[in-house]
Amino acid sequence: MAKMWAGRTDGTTDQIADDFNSSIHFDCRLFEEDITGSIAHASMLKKQAIIPGEAADHIIEELKVILSDLKSGKLEIDLSCEDIHMFVEQVLTERIGDEGKMLHTARSRNDQVALDMRMYMRKKGNEIIALIKELIEVLNESAEKYTDVIMPGYTHLQRAQPVFFAQHLLAYEMMLLRDVSRLEDALERMDESPIGACALAGTTYDTDRMYEAELLGFSGISANSMDAVSDRDFCLEFLSCFSILMMHLSRFSEELLLWTSWEFRFVELSDSYTTGSSIMPQKKNSDMAELVRGKTGRVYGDLVSLLTVMKGIPLAYNKDMQEDKEPVFDAIDTVIMCLKVFTPMIATMKVNSDNMHQAAREGFINATDLADYMVKKGLPFRSAYKISGLIVAECIRSGQVLETLPLDEYKKYWDQFEEDLYEAIDLKNAADTRTSKGGTSRASIREQIELVKKKLG
Ligand code: ARG
């Protein structure tokens, strides 16, 4: 097929070169942004009298028809075109003739693609923010529901101190809230229209970039034409945000995998989000959580891939930059899919409070509270720590736990122990008296739940 850019060359590229060069297989998903951008461009050209008003009207009218034809499936994307920009222009010109050829005045595919990508990412960024917020809401409801459930909090995956399950859930809520705010920051920084930068140097036509930007919902325009067409830092910012988000979901998945194991049995996932084994009849596998963990690697790969593409290319546009799309699209699709499965998986998960409590009882996780008890009675912390450790060792030797060791045994280690020590080491009490700001006390948990509600708006 004759190339739109035939002229300097005869445009008769080899088929293999065409296939290699073409991006329509993946940039076809930008059709709506591309056409919306072109409609705004034609409006600007008309307002500035750069092209005849009548021609602009015809262009706009037909672009709207093309958009609805594509949406309804009446018009199919011609995959033999080089990219989506060429395809739209080709259909327009086929349909309205020479007037269609006026659309590309004071514009280049370089600023066009930079615009399309920003618009697409704005749409998807907002969609992802809404999905993260849904997940936070589900977690916050669970935190409210499980405020009284005691579990062991871990460090080094060893039982450390008693916490309420809600405190654990709220930790993830805080991480996810930051993921939302990171994406919002990226959206704000990206809120500059590159269109009008043209190929790289701007244009001699009397364009109105701000007018075009406003039509497209941007609050500003890029200040430098070469920057506008050269950088993909906005894509990289999104990929970084996605990577951090996936890292959070992956850690959560890892915990779900531990918690659903027979060794922990802290939670049970709904049958709708688990699978069986083709050979072992007893199995209930948490494949969804494993896949979220696995797909995290894939999203990191998307980030590293684009960072590597960008690191060595001179200003301004280079075809290397066409390689931005597949990683960005892949990361967006992956993140959306993960969130869509993760949220209902959490919403339907059953919490096994008894097992959590039992695990908390067995691990001497109130040994710090025993030490704190002695400190409150006047002993320096380091000495109290030592005594508490010796008592734990004694319990392990004699097959006891701190709650069951008799008072006279305690007194062998420190003569000021009294009956009230049992209250101090009671697990629920130990958690509930951690009233420092952000701590695991139920008062603090209620504060955190309210904070999240306020942030979700
Ligand atoms: N398909 C191209 C891309 O995705 C569009 C821009 C092409 N520009 C050019 N000068 N060849 O980057």
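Because the structure is predicted, anything quoted here is derived from the model rather than measured. Residues: numbered from 1 along the sequence shown. We count ligands from 1, going down the list as the structure has it; atoms in each ligand are counted the same way.
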Participant: Could you label the plane-to-plane angle of the W259 and H168 rings as parallel, tilted or perpendicular, counting under 30° as parallel and over 60° as perpendicular?
Facilitator: perpendicular

Participant: Of D320, D111, N110, which has the heavy atom at the shortest distance from atom 8 (N) of ligand 1?
Facilitator: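 Going through D320, D111, N110 one by one, N110 has the nearest heavy atom to atom 8 (N) of ligand 1.
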
Participant: Without hydrogens or angle criteria, can the side chains of N352 and E268 be said to hold a donor-acceptor pair below 3.5 Å?
Facilitator: no

Participant: Just which atoms of ligand 1 are under 4.0 Å from any heavy atom in K325?
Facilitator: 3 (C), 4 (O), 12 (O)

Participant: For ligand 1, which atoms have a heavy atom of S23 less than 4.0 angstrom away?
Facilitator: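 Matching atoms, with element in brackets: 1 (N).
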
Participant: Salt bridge between E82 and K319, side-chain N to carboxylate O under 4.0 Å?
Facilitator: yes

Participant: For Y120, what residues pass the side chain to side chain donor-acceptor pair (under 3.5 Å) criterion, not counting sequence neighbours?
Facilitator: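 For Y120 the side chain to side chain donor-acceptor pair (under 3.5 Å) partners, ignoring immediate neighbours, are R29.
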
Participant: Nearest protein heavy-atom contact for atom 7 (C) of ligand 1: which residue, which atom, what distance?
Facilitator: Y317 OH, 3.5 Å

Participant: Identify the closest protein heavy atom to atom 11 (N) of ligand 1: which residue and atom is it, and at what distance?
Facilitator: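 The closest one turns out to be R109 NH2, 3.5 Å.
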
Participant: I'd like to check which ligand 1 atoms, numbered from 1 as shown, lie under 4.0 Å from a non-hydrogen atom of H85.
Facilitator: 5 (C)

Participant: Are R109 and D34 within salt-bridge range, i.e. N to O under 4.0 Å?
Facilitator: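 Result for this pair is no, no salt bridge flagged.
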
Participant: From the options K319, Q322, E82, select the one whose nearest heavy atom is closest to atom 1 (N) of ligand 1.
Facilitator: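 That would be Q322.
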
Participant: Nearest 0.5 Å please: distance from the OG atom of S38 over to the CD1 atom of I59.
Facilitator: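 It is 9.0 Å, given to the nearest 0.5 Å.
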
Participant: Would you mind checking which non-hydrogen protein atom is closest to atom 5 (C) of ligand 1, with the distance to 0.1 Å?
Facilitator: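 Going atom by atom, the protein heavy atom closest to atom 5 (C) of ligand 1 ends up being D83 OD2, 3.6 Å.
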
